[in-house]
Trainee: 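Please read through the structure below; I'll follow up with questions.
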2 protein chains.
Amino acid sequence: MSLDIDSALQLRRNQSLTSIIRRELEQMIERGELSAGERLNENALAAKLGVSRGPIREACRGLEQSGLVNVVVNRGVFIRALDGREAAELYEIRAALYGLAGRLLAPIVTDQQVAILTGYVEEMDAAMAAGDLNSFYPGNLRFHEAIVEFGGNMRLAAECAAIHREMHLLRRRTLDMPGRMATSNDEHRAILERIAARDPAGAEAALEEHVLISRNALFGPLGHYPDA
Amino acid sequence: MSLDIDSALQLRRNQSLTSIIRRELEQMIERGELSAGERLNENALAAKLGVSRGPIREACRGLEQSGLVNVVVNRGVFIRALDGREAAELYEIRAALYGLAGRLLAPIVTDQQVAILTGYVEEMDAAMAAGDLNSFYPGNLRFHEAIVEFGGNMRLAAECAAIHREMHLLRRRTLDMPGRMATSNDEHRAILERIAARDPAGAEAALEEHVLISRNALFGPLGHYPDA
DNA sequence: CTTTTGCCGATTGTCAACAGTTTAAGATTC
DNA sequence: GAATCTTAAACTGTTGACAATCGGCAAAAG
């Protein structure tokens, strides 16, 4: 029982109201409860969460820096709307970073890690067979997270996570298209195969291609920035 | 005289105290007035800048998210200290991003942009001939900034600028070593040559190599993460 | 002599109130 | 009826004050 107390205290020790609120807002954005362009009312939020405006303002300044909201002086903070151009730019960056992750991981991957990644791919296969998008999505997330984390560059992992959060500002999601699930997991298997073969350049190329195909599923294969 | 008032008001209109303070703190870090590990006292800062603690706290939350400071609950905000491992990780990310910038720029670069880049390299040549490190450094900065900006991915440019700011948390700087100036500008010329040749893969490789050589000048050529 | 305990100053976390700005509705004019 | 001006409500920016917490120092216990 002292375990619970300790963990509770530990939590309380490292978390100010500001950080709790920031995470809460991030999750609200991730769950789509706050849609792009929407303005968030400091007073209403303060009342809803039972705190004063101070911590909320501090949390919003953090969200601003991580690109999740825009702050306009004297008008308020708005959930950021990713237009097509910005989304395409993010995909390009994301492709480069995932490519780097694959290149880093391939030479140092352990058999155990390969097994874990294989497990994720098989999970997604099962979800695909059941046509269950809701369990495909988290598997996909864990697969990509594992690759960047196993790569050993923790800062890269944090950066990828931040970009992933920012992607939720897009209304349309690549994987929402049912047909994409099968080809997406084929790509996952190709990535895994290059990693298991300890092939840095191959893993890099496979991961880059995977991200860019996702982008093309959104914007069309031309690769140009769509306007707005 | 009304000009001053107007411009001051115009500034006031688009900039909250928070954003002004954040920029001020960023510049203090960039100029080295705040050294790594140092704690910043909210009351003292508030008194020094003539504002209350609220905007200062908000600014610090932004700095936290951009990685320039650490915030420890109930103890305060500390200028972040980049240990060797984190710095090496940042260099890897930076190399990938600059490589991407080169790959994007090469196919679309204009003759005028090539001329501008050539100008920067010649400026650095002159600074080098004069042994003037203080004018080599800003030339170097503008050269790299121009490459990412001409590449057209504005988000990438912002990301590179953020990483560059974070690099100032390192005490030792690559270019501080006088011998590095010459070889560094040789690399710049190689980069420029690949861009002018409209060679995406070559520009990417040259830029990646340039960043990694900088890293090796700091950490040695092994490429492993030094401990602490 | 070392360790523990209790206190005090300093500093941060949070809050409620005030001041200035924006927004929107209503009144007024053409 | 449309456009403009007026005015009030709502909201954000900022401040000062209060409560909670931390680090250090001195006294007491072992």
Side-chain angles (χ1 to χ4, degrees), chain A residues 5-26 28 34-35 37-65 68-81, chain B residues 2 4-26 28-29 34-65 68-81:
Chain A
I5 295 176
D6 281 357
S7 64
L9 279 185
Q10 197 61 27
L11 275 165
R12 172 116 186 143
R13 226 164 257 311
N14 302 10
Q15 294 191 358
S16 60
L17 273 188
T18 298
S19 66
I20 295 173
I21 292 168
R22 189 176 60 203
R23 219 160 316 166
E24 181 63 29
L25 288 175
E26 282 173 0
M28 287 172 89
L34 297 171
S35 45
E38 193 172 335
R39 173 173 146 269
L40 38 100
N41 185 318
E42 292 180 1
N43 277 316
L45 248 178
K48 182 179 173 187
L49 300 179
V51 298
S52 76
R53 285 174 47 217
I56 289 183
R57 287 179 62 84
E58 291 180 17
C60 287
R61 290 319 181 277
L63 293 179
E64 177 187 22
Q65 199 62 30
L68 291 179
V69 302
N70 276 330
V71 175
V72 183
V73 183
N74 278 321
R75 297 221 15 219
V77 312
F78 300 81
I79 307 299
R80 183 150 162 255
Chain B
S2 109
D4 285 341
I5 296 176
D6 281 357
S7 64
L9 280 186
Q10 194 60 28
L11 277 165
R12 240 321 186 330
R13 228 166 254 308
N14 304 6
Q15 297 189 354
S16 62
L17 274 187
T18 298
S19 65
I20 295 174
I21 292 168
R22 189 176 59 203
R23 217 160 319 169
E24 181 64 28
L25 288 175
E26 281 173 1
M28 286 172 89
I29 292 174
L34 297 172
S35 44
E38 193 172 337
R39 173 174 144 269
L40 35 102
N41 185 318
E42 293 180 1
N43 278 318
L45 248 178
K48 181 179 173 186
L49 300 180
V51 298
S52 76
R53 282 175 49 217
I56 288 183
R57 286 178 63 83
E58 292 180 18
C60 287
R61 289 320 180 276
L63 292 179
E64 177 188 22
Q65 198 62 29
L68 292 178
V69 302
N70 275 331
V71 175
V72 183
V73 183
N74 278 321
R75 296 224 13 220
V77 311
F78 299 82
I79 307 299
R80 183 148 163 258

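Letters A, B, ... are given to chains in the order of the sequence lines, protein chains preceding strands, and every chain is numbered from 1.
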Trainee: My understanding is that only one of Gln65(A), Arg22(A), Glu58(A) makes a side chain to side chain contact (heavy atoms under 4.5 Å, CB included) with Arg61(B); could you say which?
Mentor: Glu58(A)
Trainee: Quickly work out the Gln15(A) CD to dG13(C) P distance and round it to whole Å.
Mentor: 14 Å
Trainee: Using the side-chain heavy atoms of Arg39(A), tell me which of these nucleotides is nearest: dT12(C), dT15(D), dC11(D).
Mentor: dC11(D)
Trainee: In whole angstrom, what separates Glu64(B)'s CD from dT12(C)'s P?
Mentor: 14 Å
Trainee: Mind running a 4.0 Å heavy-atom check of residues 47-61 of chain A against DNA chain C and sending the residues that fall below it, in number order?
Mentor: Val51(A), Ser52(A), Arg53(A), Pro55(A)
Trainee: Rounding to an integer number of Å, can you tell me how far Asn43(B) CG sits from dA10(C) P?
Mentor: 11 Å
Trainee: Going by heavy atoms in the side chains, are Arg53(B) and Asn43(B) under 4.5 Å from each other?
Mentor: yes
Trainee: What is the minimum heavy-atom distance between Pro55(B) and Ile21(B), and which atoms define it?
Mentor: CB-CD1, 3.8 Å
Trainee: Choosing from dT14(D), dT12(C), dT22(C), which nucleotide comes nearest the side chain of Ser16(B)?
Mentor: dT14(D)
Trainee: Which of these nucleotides, dT12(D), dC22(D), dT23(C), is closest to any side-chain atom of Asn74(B)?
Mentor: dC22(D)
Trainee: Pull out every protein N or O sitting under 3.5 Å from an N or O of nucleotides 7-9 of chain C, one pair per line with the distance.
Mentor:
none

Trainee: Calculate the interatomic distance between Glu42(A) atom CD and dA17(C) atom C1'; express it in whole Å.
Mentor: 15 Å
Trainee: Does any part of the side chain of Leu45(A), heavy atoms only, come nearer than 4.5 Å to the side chain of Leu25(A), both counted from C-beta?
Mentor: yes
Trainee: Give a yes or no on whether a salt bridge exists between Glu24(A) and Lys48(A), defined as a side-chain N under 4.0 angstrom from a carboxylate O.
Mentor: no
Trainee: Check the phosphate of dG23(D) against Arg75(B), side-chain N and O only, distance under 4.0 Å to OP1 or OP2. Yes or no?
Mentor: yes
Trainee: Round to the nearest Å and state the distance from Leu17(A) atom CG to dA19(D) atom P.
Mentor: 17 Å
Trainee: In whole angstrom, give the distance that lies between atom CZ of Phe78(B) and atom C1' of dT12(C).
Mentor: 11 Å
Trainee: Please tell me if the side chains of Leu40(B) and Cys60(B) come closer than 4.5 Å, counting only heavy atoms from C-beta onward.
Mentor: yes
Trainee: Are any non-hydrogen side-chain atoms of Arg80(B) and Leu68(B) less than 4.5 angstrom apart?
Mentor: no
Trainee: State, yes or no, whether a side-chain contact exists between Val77(B) and Arg57(B) at a heavy-atom distance under 4.5 Å.
Mentor: no
Trainee: Hey, is the side chain of Asn41(A) poking within less than 4.0 Å of OP1 or OP2 on dC11(D), counting only N and O atoms?
Mentor: yes
Trainee: Could you tell me the separation between the CE atom of Met28(B) and the CG atom of Leu34(B), rounded to the nearest 0.5 Å?
Mentor: 4.5 Å
